[in-house]
Novice: 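Sending over a structure as structure tokens; questions will come in a sec.
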Amino acid sequence: MAYEKTFNLLDLAIWMQSTREGVSLSDIMSRFQVSRRTAERMRDMILSRFPQVVEEIGENNSKRWYIPQGTLKDFIQFSADDIACLNLAKDALIKEKLSDKADQLNAIIEKITASIKPNTLLKIEPDAEVLLEAQGFARRVGPKIKIDTQYLETIKEAILSSKELKIKHNNKTQIVAPYGFLYGNKPYLVAYSNNAKEFRYYALHKLNSVQLTNNHFINTFSLNEFTKDCFGVYKEKPFEVEWLFNADVAKDVEKYEFHPSQQMIKNKDGTLTVKFFAGGQKEMDWHLYTWGDKVKVIKPERK
């Protein structure tokens, strides 16, 4: 309860600086769902901490208060969640083909990051990147595996704070350092197992319990680097891949990114050759099955 009151006062201070019209007691009562007496105490607390507050008389002699612009410039800070949320909104605008609005929002994001203190930004930027990797901005239709959302929140907190987790996976308890999520046909947690002394994938739907510990770990991990040689989720020694697609599906194929390292070559007969270097034979076979007889595997050679 004490924490909630503190956050309400912080929100009130920010609100009072963000509005030129000022904030009245009735405004405070409505926004925070409090009695008039509580609203008065909240106002008085702000007045005692910020002597810069300006009082104005509005319509019907009602009093309104505001904090001059710039007063809270070192008080208001942005979090990794804030930056990640704005980036997700930008991605949504791009997907809706609202590029002008996406560019405008990106300019706002740049202004915000430019206003953040350098030492704070060094902490926020990697956290925001982790959040963007960990939070999907899509809705998968059809059958899906149910995941405990509380587990996800706890794992997210552990990733951002670089704290180890005590998990029970397939009814086996172990301590892991969580680094991120991979979303394929099934969602997985990528973590370093202190028991096995190696990185492992943990199917989220097979988690029986997730508990945050107070043990910190050093996070120098890159999910992109870790998966750069993978076609899908599974890690396997990479090999040369070459697929030849029929001319009648070439335009559709051009819209796919099968792997970040891919090369697409348009052939004179209208067919399309796709080359890349990665591991994950089984997952490649599963994907190729969806193209039926419209694709031929050139490499690796079938034995």
Side-chain angles (χ1 to χ4, degrees), residues 1-90 105 107-128 130-132 134-135 148-163 210-214 216:
M1 192 67 176
Y3 288 117
E4 183 180 354
K5 291 179 180 178
T6 301
F7 281 122
N8 285 346
L9 286 173
L10 292 173
D11 287 343
L12 176 57
I14 294 171
W15 182 24
M16 290 175 70
Q17 182 176 266
S18 68
T19 175
R20 293 183 179 180
E21 294 79 15
V23 176
S24 67
L25 286 177
S26 60
D27 291 335
I28 299 174
M29 293 168 60
S30 175
R31 176 159 178 164
F32 298 102
Q33 295 296 296
V34 296
S35 66
R36 182 178 181 85
R37 181 61 188 139
T38 300
E40 290 174 344
R41 285 199 294 265
M42 292 174 68
R43 176 208 58 193
D44 293 343
M45 184 66 72
I46 296 297
L47 292 176
S48 67
R49 294 295 183 269
F50 299 99
Q52 305 96 326
V53 172
V54 176
E55 179 180 293
E56 289 191 347
I57 305 299
E59 296 180 0
N60 301 320
N61 291 322
S62 62
K63 292 183 178 180
R64 306 181 74 86
W65 298 267
Y66 71 88
I67 297 176
Q69 292 291 321
T71 303
L72 306 179
K73 61 183 177 65
D74 294 326
F75 176 71
I76 301 174
Q77 292 295 332
F78 295 92
S79 68
D81 280 297
D82 297 330
I83 304 301
C85 185
L86 288 171
N87 276 292
L88 287 172
K90 180 185 70 176
L105 182 55
I108 294 172
I109 295 171
E110 290 177 348
K111 289 177 183 178
I112 290 174
T113 53
S115 69
I116 299 174
K117 294 179 179 179
N119 59 334
T120 304
L121 191 61
L122 287 174
K123 177 65 172 65
I124 285 180
E125 284 185 330
D127 284 357
V130 169
L131 272 175
L132 289 170
Q135 296 177 350
D148 190 314
T149 55
Q150 186 57 52
Y151 290 173
L152 291 177
E153 288 300 314
T154 302
I155 294 171
K156 167 186 159 184
E157 182 180 352
I159 292 172
L160 293 180
S161 60
S162 296
K163 287 185 177 181
V210 177
Q211 181 181 345
L212 189 68
T213 75
N214 290 320
H216 286 83

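Values below: all heavy atoms of this structure, side chains included; hydrogens, waters and symmetry mates excluded.
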Novice: List in chain and number order the residues that pass salt bridge (Lys or Arg N to Asp or Glu O under 4.0 Å) with Glu56, two or more places apart in sequence or in another chain; answer none if no residue qualifies.
Specialist: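 So Glu56 forms no salt bridge (Lys or Arg N to Asp or Glu O under 4.0 Å) with any residue.
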Novice: Quick one: list whatever passes side-chain hydrogen bond (donor to acceptor under 3.5 Å, both in side chains) with Ser24, sequence neighbours left out.
Specialist: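 Only Ser26, Asp27 meet the side-chain hydrogen bond (donor to acceptor under 3.5 Å, both in side chains) criterion with Ser24.
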Novice: Who are the side-chain hydrogen bond (donor to acceptor under 3.5 Å, both in side chains) partners of Trp15, not counting sequence neighbours?
Specialist: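 Trp15 satisfies side-chain hydrogen bond (donor to acceptor under 3.5 Å, both in side chains) with no other residue.
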Novice: For Thr149, check side-chain hydrogen bond (donor to acceptor under 3.5 Å, both in side chains) against everything at least two apart and list the hits.
Specialist: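 Applying side-chain hydrogen bond (donor to acceptor under 3.5 Å, both in side chains) to Thr149 gives none.
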Novice: How close do Val34 and Ile28 get, counting heavy atoms only, and between which atoms?
Specialist: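 It is CG2-O, 4.0 Å.
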Novice: Among all residues two or more places apart in sequence or in another chain, which pass the side chain to side chain contact (heavy atoms under 4.5 Å, CB included) test with Ser162?
Specialist: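 Partners of Ser162 under the side chain to side chain contact (heavy atoms under 4.5 Å, CB included) test: Phe217, Asn219.
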Novice: If the condition is side chain to side chain contact (heavy atoms under 4.5 Å, CB included), which residues does Thr213 pass it with, not counting sequence neighbours?
Specialist: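 Glu164, Lys166, Asn215.
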Novice: Using 0.5 Å steps for rounding, measure from the CE atom of Met16 to the CD1 atom of Ile46.
Specialist: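 So the CE of Met16 and the CD1 of Ile46 are separated by 6.0 Å.
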Novice: For Arg36, which residues count as a salt bridge (Lys or Arg N to Asp or Glu O under 4.0 Å) partner, sequence neighbours excluded?
Specialist: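 With neighbours one apart ignored, the set is Glu40.
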Novice: For atom CE of Met29, decide whether the heavy atoms of other residues, nucleotides or ligands shown that lie under 6.0 angstrom number more than 12.
Specialist: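 Check passes, neighbour count above 12.
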Novice: In sequence, state the C-alpha distance, the side-chain angles, and the governing distance for Arg64 and Val23, and then conclude on side-chain contact (heavy atoms from CB on, under 4.5 Å).
Specialist: CA-CA 5 Å; Arg64 306 181 74 86; Val23 176; 5.6 Å; no
Novice: Considering non-hydrogen atoms only, spot the tightest contact between Met42 and Phe32 and give its length.
Specialist: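 That would be CE-CD1, 3.8 Å.
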Novice: Applying side-chain hydrogen bond (donor to acceptor under 3.5 Å, both in side chains), name anything that partners Arg41, two or more places apart in sequence or on another chain.
Specialist: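 Residues passing side-chain hydrogen bond (donor to acceptor under 3.5 Å, both in side chains) with Arg41: Thr38.
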Novice: Taking only residues two or more places apart in sequence, or in another chain, which ones meet Gln150 in a side chain to side chain contact (heavy atoms under 4.5 Å, CB included)?
Specialist: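 For Gln150 the side chain to side chain contact (heavy atoms under 4.5 Å, CB included) partners, ignoring immediate neighbours, are Asp148, Glu153, Thr154.
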